[in-house]
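A note on names: the letters A, B, ... follow the listed sequences, proteins ahead of strands, and every chain is numbered from 1.
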Amino acid sequence: MLGVLLTPILKREQTSFKALYGKSFAVDASIELHQFLALIRKPDGSLFTDPKGRVTSHLIGLLTRTSRLVIEYKLRPVFVFDGRPNPLKSATIEARRKVQQKAQTEYLQAITARDYSKAWSKVVMTGRVTGEVLADAKKLLSLMGIPWLEALEDGEAQASFMAAKGDVWAVGSKDYDCLLFGAPILARYLTLTGREYLPSKRTSRPLIPELVNLADNLQALGISREQLVDLALLVGTDFNEGVMGIGPKRGLALIRKYGVAEEFPEEIRSHLPENLDSVRNIFLHPRVLENYSLKKRGPDPDGMVEFLSEERAFKRDRVQKVADGLAESQSKSDSQLGQWLA
DNA sequence: CCCGTTTA
DNA sequence: TAAACGGGG
């Protein structure tokens, strides 16, 4: 499981890239990179690599997808990388690794059985964000002039802090965790393709991002953020297991009835962590970098060509085209939008 | 994932 | 005109 499951009780509103024009986002880098490694693959399911065998799928994603958001839609992402994970997350991390290993085994079995559609479905779960993947992503982001920073712990917590502080307009993620971390607005599907079928008129396939507003949802649910965190503890988070048989709906009912986790009936309370505040504080008072500088850096077209074309065998004109687009976008934003961060 | 090209 | 296909590194 990745993130807290609150879908059934949260109000989401569809938006459009037009409506998001010029807005800034703190993007969860590890989720973004996982997406790229899951989806940017050759027909046989293998990752793209350079001639030396180094993975390049995430670089393709950053060069094509992310640059398009910046050039075409004028979004201003800031990538937030995970720092050292909180010790309470180790069970989740271990569980994820097991899922990956299982997928890897099943992938190899499917290949042996020549069941290629099954192989594909499994291999997308095996993408590993390695140190090299992270280093290359950071290097390319720098060359593209896209700011990034590394969190002390959870990237999602850092991104949420930046949004709550007003340094960015929203957190770009697919998980709801950032609401627990206090992000005022969560923007989902900034990074995935959504396809809209308009029966008449437009034939294009626009992406449909959606927004989740924390204050609106708390008001609709009639609970506080602290109570939403307690609700999440019932459902289960990356930092605790949750209570068997309790999902968002029943959790909400419990919170409404009892107010705080301490007041829950013993048979429920006993399934929650002994020290409730140890988990609550991860969400309510996370360790975050307070003094980060997001100084604006322009793109480095020559550096992009050097890195991607000469080192990683990308087609030169393709890289050059994106680099030029970024440079132009940047110079326009200098005059029209001011700083990268508003 | 995205894009350009081919195909129905 | 849109769905299918192939290639990207």
Side-chain angles (χ1 to χ4, degrees), chain A residues 2 16-17 20 25 27-75 77 79 103 107 116-117 119-130 132-141 143-144 146 172-175 187-210 299 301 303-326 329:
Chain A
L2 197 81
S16 64
F17 280 95
L20 300 177
F25 300 84
V27 175
D28 185 318
S30 69
I31 287 181
E32 189 87 350
L33 295 178
H34 268 295
Q35 293 295 350
F36 289 151
L37 294 182
L39 295 163
I40 302 178
R41 287 171 181 267
K42 290 185 275 189
D44 69 356
S46 62
L47 290 161
F48 287 93
T49 60
D50 69 10
K52 288 184 176 169
R54 293 172 293 195
V55 173
T56 50
S57 289
H58 59 308
L59 301 178
I60 296 174
L62 292 171
L63 185 75
T64 59
R65 171 102 212 150
T66 307
S67 72
R68 208 178 136 213
L69 294 181
V70 172
I71 296 168
E72 201 171 318
Y73 299 110
K74 304 292 181 255
L75 301 193
F79 277 66
Y107 164 66
Y116 295 110
S117 68
W120 178 272
S121 74
K122 295 298 174 185
V123 78
V124 296
M125 295 167 70
T126 62
R128 303 262 291 116
V129 178
T130 62
E132 187 174 60
V133 163
L134 288 169
D136 284 351
K138 290 169 182 174
K139 179 171 180 180
L140 181 54
L141 286 169
L143 293 171
M144 290 171 71
I146 294 173
S173 174
K174 74 181 181 63
D175 289 350
R188 306 179 79 218
Y189 307 130
L190 242 40
T191 58
L192 291 176
T193 302
R195 278 155 215 276
E196 190 172 45
Y197 299 94
L198 293 176
S200 54
K201 294 193 177 182
R202 302 264 172 137
T203 56
S204 61
R205 296 175 289 182
L207 310 171
I208 329 170
E210 70 181 30
M304 285 176 64
V305 170
E306 158 81 24
F307 178 42
L308 293 180
S309 297
E310 283 170 30
E311 259 183 69
R312 303 308 174 95
F314 281 59
K315 289 239 165 60
R316 204 183 193 87
D317 58 345
R318 191 166 161 230
V319 176
Q320 192 67 54
K321 208 177 277 183
V322 174
D324 292 345
L326 286 170
S329 184

Peer 1: Using a cut-off of strictly less than 4.0 Å, decide whether A/Arg41 has a side-chain nitrogen or oxygen near OP1 or OP2 of C/dG9.
Peer 2: no

Peer 1: Hey, does the side chain of A/Lys42 come within less than 4.0 Å of C/dG9's phosphate (OP1/OP2), counting only N and O?
Peer 2: no

Peer 1: For the CZ atom of A/Arg41 and the OG atom of A/Ser57, what is their distance to the nearest 0.5 Å?
Peer 2: 6.5 Å

Peer 1: What integer distance in Å separates A/Ile60:CD1 from B/dC3:P?
Peer 2: 13 Å

Peer 1: Give me the atom names and distance for the closest heavy-atom approach of A/Pro77 to A/Val70.
Peer 2: CD-CG2, 3.6 Å

Peer 1: What is the distance, rounded to the nearest whole Å, between atom NZ of A/Lys321 and atom C1' of C/dG8?
Peer 2: 13 Å

Peer 1: Under 4.0 Å between any heavy atoms, over every strand shown, what does A/Thr49 touch: base, sugar-phosphate, or nothing? Just pick one.
Peer 2: base

Peer 1: Roughly, in whole Å, what's the span from CG in A/Leu39 to P in B/dC1?
Peer 2: 5 Å

Peer 1: Starting at CD1 of A/Ile40 and ending at C1' of C/dG7, how long is that distance when rounded to a whole Å?
Peer 2: 13 Å

Peer 1: Return the value, rounded to whole Å, for the distance between atom CG of A/Leu308 and atom P of C/dG8.
Peer 2: 16 Å

Peer 1: Can you tell me if A/Arg312 touches the phosphate of C/dG8, counting only side-chain N or O atoms and a distance under 4.0 Å to OP1 or OP2?
Peer 2: no

Peer 1: For a quick check of understanding: with a heavy-atom distance under 4.0 Å over all strands, which category does A/Phe314 fall into, base, sugar-phosphate or nothing?
Peer 2: sugar-phosphate

Peer 1: Does the pair A/Arg312/A/Asp136 count as a salt bridge with the N-to-O cut at 4.0 Å?
Peer 2: yes

Peer 1: At their closest point, which heavy atom of A/Val133 faces which heavy atom of A/Arg128, and how far apart are they?
Peer 2: CG2-O, 4.1 Å

Peer 1: When the distance from CZ of A/Arg54 to P of C/dG8 is rounded to whole Å, what number comes out?
Peer 2: 19 Å

Peer 1: Whole Å only: how far is the CD atom of A/Glu32 from the P atom of B/dC1?
Peer 2: 12 Å

Peer 1: Quickly work out the A/Leu47 CG to C/dG9 P distance and round it to whole Å.
Peer 2: 15 Å

